[in-house]
**Q** 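The following block contains the structure, expressed as C-alpha cells.
If you're wondering where the values come from, they're calculated on a predicted model, not measured in any experiment. Excluded from the calculations below are hydrogen atoms, water molecules and symmetry mates; all remaining heavy atoms, backbone and side chain alike, are included.
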Amino acid sequence: DGKVYGASFKLELTAPVGYSGSPITFSTKTGGDVSVNFDSGSGYTNVGVSTMGPVLGAFKVDGSNDIYYDINSDVSFGQAKVCFPVPANMTNPQILHYVCSGTCGSVCNWELLQDQTTQGTQRCGKTSSFSIFTVVEPLISDYTVVPLAGNGGSISPDSSQKVEEGNTTSFTITPDSDYHIDSVEGCEGSLDGNIYTTGAITADCMVKANFEINSYSVTPSAGEGGSISPNTAQSVEYGKTTDFEVVPATGYSIGKVEGCGGTLSGNTYTTGAITADCEVTASFVINKYTVTPSAGANGSISPDSDQTVNHGDTASFTLTPDSGYGIDTVEGCNGSLNGNIYTTGAITEDCEVTASFITAYTVIPKARRHGSISPNTPQQVSEGHTASFTVTPDVGYSIRRVRGCGGSLDGNIYTTGPITRKCRVTASFKKNPVVTAKARRHGSIAPSGPQSVSPGTILSFTVTPNVGYS
C-alpha cells in the first residue's frame with residue numbers, strides 16, 4: 001500500500017506493543033479463512049475498484065507466535081470488509097492494521113481497524129487499504145504485590161507477586177508462638193481467619209502483616225490480715241514479669257505468697273516469666289506473743305507457764321496468796337487487778353506478769369440495825385493496802401456514822417486507811433426526820449402528807465389556791 005511503482009524495498013515489522021497475539025500458526029499460503037468483500041449495501045463503498053490481489057498468506061516475525069496476514073490489492077479507492085479467523089483462546093480479539101505514511105511510506109504504525117464486529121469465529125472490520133493485518137487481544141497489565149511481615153510472624157508467599165490487572169491474590173498469615181495477628185492492611189484486602197485476600201489489583205501495592213505479642217492475665221488476691229498491690233488483674237506480655245507489694249496488717253505477718261512461678265524478697269513478690277494466665281495468692285498469719293507469768297514467795301499465779309497469745313488478745317491470771325498473806329503487787333503487760341484476777345491489756349509483744357505477796361490482816365465489817373454493809377464478811381487485806389465497803393441504810397434511815405481501821409466515808413463508800421493490823425469497820429444508822437405537809441380549806445399543797453427526809457436535805461412544796469383565793 002502506497003508503494004512507488006517500479007521501486008523495491010524491505011519492510012521490517014515491529015510487533016504491536018501492548019497486545020498479545022494468536023498462539024496458532026497458519027501453514028497455508030492462501031491465508032486460510034481470510035475473506036475480503038466489497039459490500040456497498042452494508043455501508044462500504046466500491047469506488048474505482050477494479051481488481052483485488054490474492055491473500056498472499058500468513059507468516060510469523062522473529063519467531064513470535066503472532067500471526068500476520070499479507071493482503072495485496074490494486075484498490076485505489078473504496079472500502080472493503082475484511083474478516084480473519086479468531087483463535088479459540090482469545091476473549092477480546094482486535095484487528096490491527098499496519099499503516100505507513102510519509103515520504104515513500106517512511107512512517108509505519110499499527111492501528112486498530114474501524115467498525116470491528118465478531119461474526120461467529122471471525123473478527124471483521126472496515127479498511128480502505130491493504131497491506132498487513134493481525135488478530136490480537138490487548139495485554140492484561142501485571143502489577144506487583146509486595147508482602148511484608150513485621151516482627152512476630154510470617155507471610156506466605158513472602159516474595160513479590162505478579163498479579164494481572166483486576167485479579168486478586170491471597171496470603172497466609174502465620175504468627176510466631178505466643179504472638180497473634182494484630183492487623184493486616186494494604187491492597188484493599190480483607191482477612192478471614194489467617195488468610196488475607198487482596199481486592200482487585202489495579203496498581204502496584206503492598207500487603208503488610210502486623211503482629212502483637214500475646215498478653216496474659218495475672219490475678220492477685222490477698223487473704224485476711226493483709227493486702228496486695230496492685231489488687232486488680234494485670235495484663236502482662238508473654239515472657240515478661242510483674243511485681244506485687246504484699247503488706248501485712250498490724251499484728252500480722254506474711255504467711256505465704258505463691259503462684260505464677262514467682263519469688264518473695266522482703267514484701268515484694270516478683271512473678272516468673274509469664275506464659276499463661278495465672279494467679280498470685282498472698283496469705284497472712286496473725287502474730288503470736290509469749291506472756292510469761294511469775295509469782296513471788298507466799299502465793300501463786302495460775303496458769304504459771306508461758307501463755308501464747310494472739311496479737312490484740314488479752315490473758316488472765318488468778319492470784320492466790322498463802323494463808324496469812326495477801327496480794328501486794330501485780331504488774332506487767334499493761335493489765336489490771338480485779339479481786340484476785342489479773343487481766344492483761346491487749347498483747348502486742350512478748351511481756352511478763354509478775355505477782356508479789358505480803359502479810360495480810362483481817363478487816364471485820366459490821367452493820368448495826370436499820371442498814372447493811374458490803375462485803376459483810378471478814379476481808380484479808382494485805383499490809384499497807386486499803387479495803388472499801390458499801391454502806392446502805394434501810395428506807396427511812398440514813399447513815400449515822402462509819403468508823404474503824406482509820407478510814408473515811410465518801411457518800412456511802414467507806415475506805416479504810418492502810419491496814420497494818422487486824423481491825424473492825426462498824427456502821428450505824430439513824431431514823432430520818434419526818435416533814436408533814438397539810439393544806440387547809442380553799443387550796444392544796446404538793447407533795448402532801450409525811451415525808452421522810454435525810455438530814456441536811458432541802459424539801460420543796462408547791463402551794464396552789466383554789467379559784468378566787470390566794
**Q** Quick one about T344 and T314 (side-chain donor to acceptor, distance below 3.5 Å, no hydrogens or angles considered), yes or no?
**A**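 The answer is no; no qualifying pair exists.
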
**Q** To the nearest 0.5 Å, tell me how far S316 OG sits from Q307 CD.
**A**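 It comes to 10.5 Å.
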
**Q** So which atom in F357 and which in A295 form the shortest heavy-atom distance, rounded to 0.1 Å?
**A**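 The pair with the smallest heavy-atom distance is CE1-CB, 4.0 Å.
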
**Q** With distance as the sole criterion, is a donor-acceptor pair present between the side chains of N210 and E212 under 3.5 Å?
**A**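 Note: N210 and E212 side chains miss the donor-acceptor criterion.
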
**Q** Can you confirm whether E224 is buried at CD, in the sense that more than 12 heavy atoms of other residues, nucleotides or ligands lie under 6.0 Å from that atom?
**A**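 Result for CD/E224: open.
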
**Q** What do the steps show when you test T362 against Q380 for side chain to side chain donor-acceptor pair (under 3.5 Å), and what is the final call?
**A** CA-CA 5 Å; T362 301; Q380 293 296 313; 2.7 Å; yes

**Q** Heavy-atom count check: over 12 atoms from other residues, nucleotides or ligands less than 6.0 Å from D410 CG?
**A**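 Atom CG in D410 is not packed in, count stays at 12 or less.
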
**Q** If we only count heavy atoms from C-beta on, is the N412 to T390 side-chain gap below 4.5 Å?
**A**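 Yes, close enough: below the 4.5 Å cut-off.
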
**Q** Applying side-chain contact (heavy atoms from CB on, under 4.5 Å) to T359 and Y325, what does each step give before you reach the verdict?
**A** CA-CA 4 Å; T359 302; Y325 289 86; 3.9 Å; yes

**Q** How about L337 and I327: do any of their side-chain heavy atoms sit closer than 4.5 Å?
**A**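 A side-chain contact exists here, since the closest heavy-atom pair is under 4.5 Å.
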
**Q** Does some side-chain heavy atom of F171 sit less than 4.5 Å from a side-chain heavy atom of S156?
**A**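 Heavy-atom side-chain distance check fails, nothing below 4.5 Å.
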
**Q** What distance do L409 atom CG and R403 atom CZ have between them, rounded to the nearest 0.5 Å?
**A**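 Rounded to the nearest 0.5 Å, the CG-CZ separation comes to 13.5 Å.
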
**Q** List the atom pairs, with distances to 0.1 Å, where a side-chain N or O of residues 273-282 and a protein N or O form a donor-acceptor pair under 3.5 Å, not counting sequence neighbours.
**A**
from, atom 1, to, atom 2, distance (Å)
D277, OD1, S217, N, 2.8

**Q** Contact between I228 and E245 at the side-chain level, heavy atoms closer than 4.5 Å - yes or no?
**A**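 Sidechains of E245 and I228: no contact.
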
**Q** Are F389 and V363 close enough, and set up right, to give a side-chain contact (heavy atoms from CB on, under 4.5 Å), and what steps lead you there?
**A** CA-CA 11 Å; F389 299 89; V363 176; 3.8 Å; yes

**Q** Measuring from atom CD of E349 to atom CG of N334, what distance do you get when rounded to the nearest 0.5 angstrom?
**A**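 Separation between the atoms: 8.5 Å.
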
**Q** Decide if atom CD of Q116 counts as having more than 12 heavy atoms of other residues, nucleotides or ligands within a radius under 6.0 Å.
**A**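 Enclosed: over 12 neighbouring heavy atoms sit under 6.0 Å from CD of Q116.
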
**Q** State, with a plain yes or no, whether a side-chain heavy atom of S235 is found less than 4.5 Å away from one of Y216.
**A**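 A side-chain contact is absent here, since even the closest heavy-atom pair is not under 4.5 Å.
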
**Q** Does CG in D306 sit with more than 12 non-hydrogen atoms of other residues, nucleotides or ligands closer than 6.0 Å?
**A**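 For D306, atom CG is crowded (more than 12 foreign heavy atoms under 6.0 Å).
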
**Q** With heavy-atom distances below 4.5 Å as the criterion, would you say the side chains of T386 and V381 are in contact?
**A**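 Answer no - side chains too far apart.
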
**Q** For G193 and I181, work out which heavy atoms get closest and say how close.
**A**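 It is O-CD1, 4.3 Å.
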
**Q** Nearest 0.5 angstrom please: I347 CD1 to H311 NE2, how far?
**A**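 Output value for this atom pair is 10.0 Å.
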
**Q** Does any part of the side chain of I364, heavy atoms only, come nearer than 4.5 Å to the side chain of K422, both counted from C-beta?
**A**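 Yes. Closest side-chain heavy atoms under 4.5 Å.
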
**Q** Would you say D328 and S382 are linked by a side-chain donor-acceptor pair, where the criterion is simply a distance under 3.5 Å?
**A**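 Result is no, nothing qualifies.
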
**Q** At what distance, to the nearest 0.5 angstrom, does OG1 of T426 lie from CD1 of I373?
**A**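 Rounded to the nearest 0.5 Å, the OG1-CD1 separation comes out at 7.5 Å.
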
**Q** Before giving the answer on side-chain contact (heavy atoms from CB on, under 4.5 Å), spell out for V163 and Y143 the whole-Å C-alpha distance, their side-chain angles and the decisive distance to 0.1 Å.
**A** CA-CA 5 Å; V163 182; Y143 294 104; 5.5 Å; no

**Q** Calculate, to the nearest 0.5 Å, the distance between atoms OH and OG belonging to Y196 and S183 respectively.
**A**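 Spacing of OH (Y196) from OG (S183) equals 9.5 Å.
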
**Q** Between the side chain of D204 and the main-chain N/O of T144, is any donor-acceptor distance below 3.5 Å?
**A**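 Here the side-chain-to-backbone pair exists.
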
**Q** Knowing that exactly one of T241, T242, D243 qualifies, which makes a side-chain hydrogen bond (donor to acceptor under 3.5 Å, both in side chains) with T270?
**A**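 Among the candidates, only D243 passes.
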
**Q** May I have the step-by-step check of side-chain contact (heavy atoms from CB on, under 4.5 Å) for F211 and I173, ending in yes or no?
**A** CA-CA 10 Å; F211 303 90; I173 314 300; 3.6 Å; yes

